[in-house]
Amino acid sequence: MCGIVGMVGRGEVSYELYDALTVLQHRGQDAAGIVTCEGDLVHLRKSNGLVRDVFHQGHMNQLKGNMGIAHVRYPTAGSSSSAEAQPMYVNSPFGICLAHNGNLTNKDELNEDLFRTDRRHINTSSDSEVLLNVFAHELHNVAGMRPEPDEVFEAVSRVHERAIGAYAVVMMIVGHGIVGFRDPNGIRPICYGKRESENGTEYMIASESVALSVLGFELVRDIEPGEAIYIQTNGAVHTRQCCEQGKYNPCIFEHVYLARPDSIMDGISVYKARLKMGEKLAEKILRLHPAHDIDVVIPIPDTSCTSALPMAHKLNVKYREGLVKNRYIGRTFIMPEQTERAKSVRRKLSTVELEFKGKNVLLVDDSIVRGTTSKQIVQMAKDAGAKKVYLASAAPPVRFPNVYGIDMPAAHEFVADGNTVEEIAEYIGVDWLVYQDIEDLEECALGINDKIEHFDTSVFDGSYVTGGIDQGYLKRLESKRNDGAKTKLVGPNNEVIELHNQS
């Protein structure tokens with residue numbers, strides 16, 4: 001779930017890319033990078049850390065140029081080292097830089113092909129480097145002295161024929177333009193917009209529309225599944241559908257948790273979808289517990305706040321923000337190691353005791369993955385004096401690994417793995433627990449974009465839209481993602497961090 005952005009401007013773009021990355025910081029806290037193009041010169045800065053820590057004034061002064069791409073990284077494949085921070089670069093043909101969000105499920109096969117057939121060396125274990133080299137190889141085979149739009153689109157078409165999985169991509173072809181494209185299932189989000197300046201029209205491609213709106217760009221539209229856009233340095237814009245079987249299967253977890261509520265994805269307001277999740281969940285509670293004794297609805301901030309408000313209204317009880325979040329602690333979901341996640345819960349959240357004491361409290365969360373965080377928050381509610389504690393999840397039980405760019409744990413680490421709702425409730429320590437139904441979850445986002453008939457809901461139902469995901473693949477994935485598979489790394493402040501060793 002990385003964040004990507006690319007811009008073709010009429011003036012310097014480095015500060016615009018920096019600002020866009022800060023807006024997309026929620027999509028990745030592991031590393032950040034910006035690469036700009038000044039004529040035929042490439043200027044690159046990337047490193048581990050948050051955007052504000054990676055880029056200092058001296059770095060920004062060196063990032064000259066009217067065109068560039070940028071990335072915030074959340075590691076899902078490869079190790080968490082600065083060597084795998086993006087954007088990535090290859091010098092042939094033309095010089096190409098890549099920023100990628102997603103995950104290739106046939107990375108190993110592609111890597112073998114690149115070595116044996118394409119004669120290209122892959123220096124990291126990152127599937128992003130594999131994707132970059134596949135595109136570079138295909139463009140080399142079709143392009144002349146300069147990359148014409150038809151040649152760029154032909155290269156993208158060949159990428160679609162070879163790559164399987166999820167990928168939203170921005171690439172910069174040095175001295176020529178920026179390319180954006182999306183996998184044939186449209187699993188990961190990507191959109192583009194434009195802005196008028198004194199010197200002409202500027203264009204930006206980004207993971208989420210909020211990055212465009214904050215910087216004053218008008219959202220033109222989302223890039224469709226299998227489609228590509230090529231924006232040349234002179235401002236000419238070209239788009240083309242590059243596969244015959246493009247069909248929307250966007251990731252529903254974007255609407256549950258990953259995306260900002262002020263984003264529009266594939267024409268769907270994330271905020272409105274979350275409001276509907278709350279309404280649907282309240283309806284289920286009223287069916288299961290018509291004589292409920294809930295005194296107050298309290299969201300577990302921040303993602304669930306939007307869903308909790310209509311829940312309280314429909315249940316006819318008070319809505320209160322009884323959990324206060326420390327804004328300077330990162331998202332615990334994407335912290336790389338269980339010990340760090342556990343430590344962060346009480347550092348991140350504190351209770352307003354008067355909202356809990358002597359009350360029957362309904363806590364609302366966007367989803368429950370391991371259950372360890374939920375367990376601690378429930379105990380905090382009890383310590384604050386809650387009489388009874390109930391818990392509602394805006395998403396169904398997470399039972400299956402994500403293979404499309406979300407680094408969820410191994411299946412056996414899910415609290416829902418092999419357990420009933422009652423058993424999960426007992427482990428977490430709540431008086432009762434209710435999950436959203438998967439049909440209701442999809443319905444919350446359907447009916448707005450007529451082109452979307454189905455979402456990728458694989459983490460809930462184990463149905464992988466790209467196919468080819470068998471028990472052997474999942475077993476190999478589990479060996480890389482379980483909390484025992486770690487490597488130690490020295491962080492930006494010389495602290496020792498344990499990270500996933502995903503090769």
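Keep in mind that what you see is a predicted model, and the values were worked out from it rather than measured.
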- Message: Between E208 and R27, does the side-chain contact (heavy atoms from CB on, under 4.5 Å) criterion hold? Intermediate values first, please.
- Response: CA-CA 10 Å; E208 295 186 32; R27 300 191 68 86; 2.7 Å; yes
Calculate, to the nearest 0.5 Å, the distance between atoms [atom1] and [atom2] belonging to [X] and [Y] respectively.
{"X": "M277", "Y": "D440", "atom1": "CE", "atom2": "CG", "result": "11.0 Å"}
{"X": "C97", "Y": "I34", "atom1": "SG", "atom2": "CD1", "result": "12.5 Å"}
{"X": "L219", "Y": "C191", "atom1": "CG", "atom2": "SG", "result": "5.5 Å"}
{"X": "C2", "Y": "L24", "atom1": "SG", "atom2": "CG", "result": "11.0 Å"}
{"X": "C251", "Y": "N185", "atom1": "SG", "atom2": "CG", "result": "12.0 Å"}
{"X": "F455", "Y": "I252", "atom1": "CZ", "atom2": "CD1", "result": "4.5 Å"}

Backbone N or O of [Y] within a donor-acceptor pair of the [X] side chain at under 3.5 Å?
{"X": "N402", "Y": "V459", "answer": "no"}
{"X": "R45", "Y": "V54", "answer": "yes"}
{"X": "N419", "Y": "E423", "answer": "no"}
{"X": "Q25", "Y": "V51", "answer": "yes"}
{"X": "H292", "Y": "I285", "answer": "no"}
{"X": "K382", "Y": "G429", "answer": "yes"}
{"X": "S393", "Y": "A395", "answer": "yes"}
{"X": "T36", "Y": "S14", "answer": "no"}
{"X": "K247", "Y": "H454", "answer": "no"}
{"X": "R188", "Y": "Y404", "answer": "yes"}

Under a 4.5 Å cut-off applied to non-hydrogen side-chain atoms, are [X] and [Y] in contact?
{"X": "V179", "Y": "V170", "answer": "no"}
{"X": "V5", "Y": "L17", "answer": "yes"}
{"X": "I187", "Y": "P250", "answer": "no"}
{"X": "I368", "Y": "F414", "answer": "no"}
{"X": "C305", "Y": "Y319", "answer": "yes"}
{"X": "D127", "Y": "T105", "answer": "no"}
{"X": "S463", "Y": "S458", "answer": "no"}
{"X": "R195", "Y": "M204", "answer": "no"}

Taking all non-hydrogen atoms of both residues into account, name the closest pair between [X] and [Y] and its distance.
{"X": "E355", "Y": "V361", "result": "O-CG2, 4.2 Å"}
{"X": "P396", "Y": "Y435", "result": "C-CD2, 3.6 Å"}
{"X": "V403", "Y": "N103", "result": "O-ND2, 2.9 Å"}
{"X": "L477", "Y": "P401", "result": "CD2-CB, 4.1 Å"}
{"X": "P299", "Y": "L323", "result": "O-CD1, 3.8 Å"}
{"X": "A259", "Y": "V270", "result": "CB-CG2, 4.0 Å"}

- Query: Is there a side chain to side chain donor-acceptor pair (under 3.5 Å) between Y167 and S128 once you walk through the steps?
  - Reply: CA-CA 9 Å; Y167 46 95; S128 300; over 6 Å; no
- Task: Could you list the residues that satisfy side-chain contact (heavy atoms from CB on, under 4.5 Å) with T201, not counting sequence neighbours?
- Result: K194, E196, Y203
- Can you list the steps and then say if E442 with K280 is a salt bridge (Lys or Arg N to Asp or Glu O under 4.0 Å)? CA-CA 11 Å; E442 283 203 86; K280 290 286 186 183; over 6 Å; no
- Message: Does atom NZ (K272) have a neighbourhood of more than 12 heavy atoms from anything else shown, all under 6.0 Å?
- Response: no
- Message: Taking atom OH as the centre, does Y427 end up with more than 12 heavy-atom neighbours from other residues, nucleotides or ligands that are less than 6.0 angstrom away?
- Response: yes
- Message: Quick one, E443 with K276, criterion salt bridge (Lys or Arg N to Asp or Glu O under 4.0 Å). Give me CA distance, side-chain angles, the key distance, then yes/no.
- Response: CA-CA 9 Å; E443 191 176 326; K276 290 181 180 179; over 6 Å; no
Salt bridge or not between [X] and [Y]? Use side-chain N to carboxylate O under 4.0 Å.
{"X": "K284", "Y": "E279", "answer": "no"}
{"X": "K46", "Y": "E84", "answer": "no"}
{"X": "D295", "Y": "K318", "answer": "no"}
{"X": "R182", "Y": "D266", "answer": "yes"}
{"X": "D431", "Y": "K388", "answer": "no"}

Salt bridge (charged side-chain N to carboxylate O under 4.0 Å, His left out) partners for [X], two or more places apart:
{"X": "E227", "result": "R221"}
{"X": "D262", "result": "R260"}
{"X": "D383", "result": "R346"}
{"X": "E283", "result": "K314"}

- Item | Any donor-acceptor N or O pair under 3.5 Å, side chains H412, D417 | no
- Message: Is it the case that the side chains of D293 and Y390 hold a donor-acceptor pair, with the cut-off being a distance below 3.5 Å and no angle test?
- Response: yes
- Does anything in residues 445-466 pair up under salt bridge (charged side-chain N to carboxylate O under 4.0 Å, His left out), and if so which pairs, sequence neighbours excluded? E224-K451
- Mutual orientation of the aromatic rings belonging to F253 and F460 [parallel < 30°, tilted 30-60°, perpendicular > 60°]: tilted
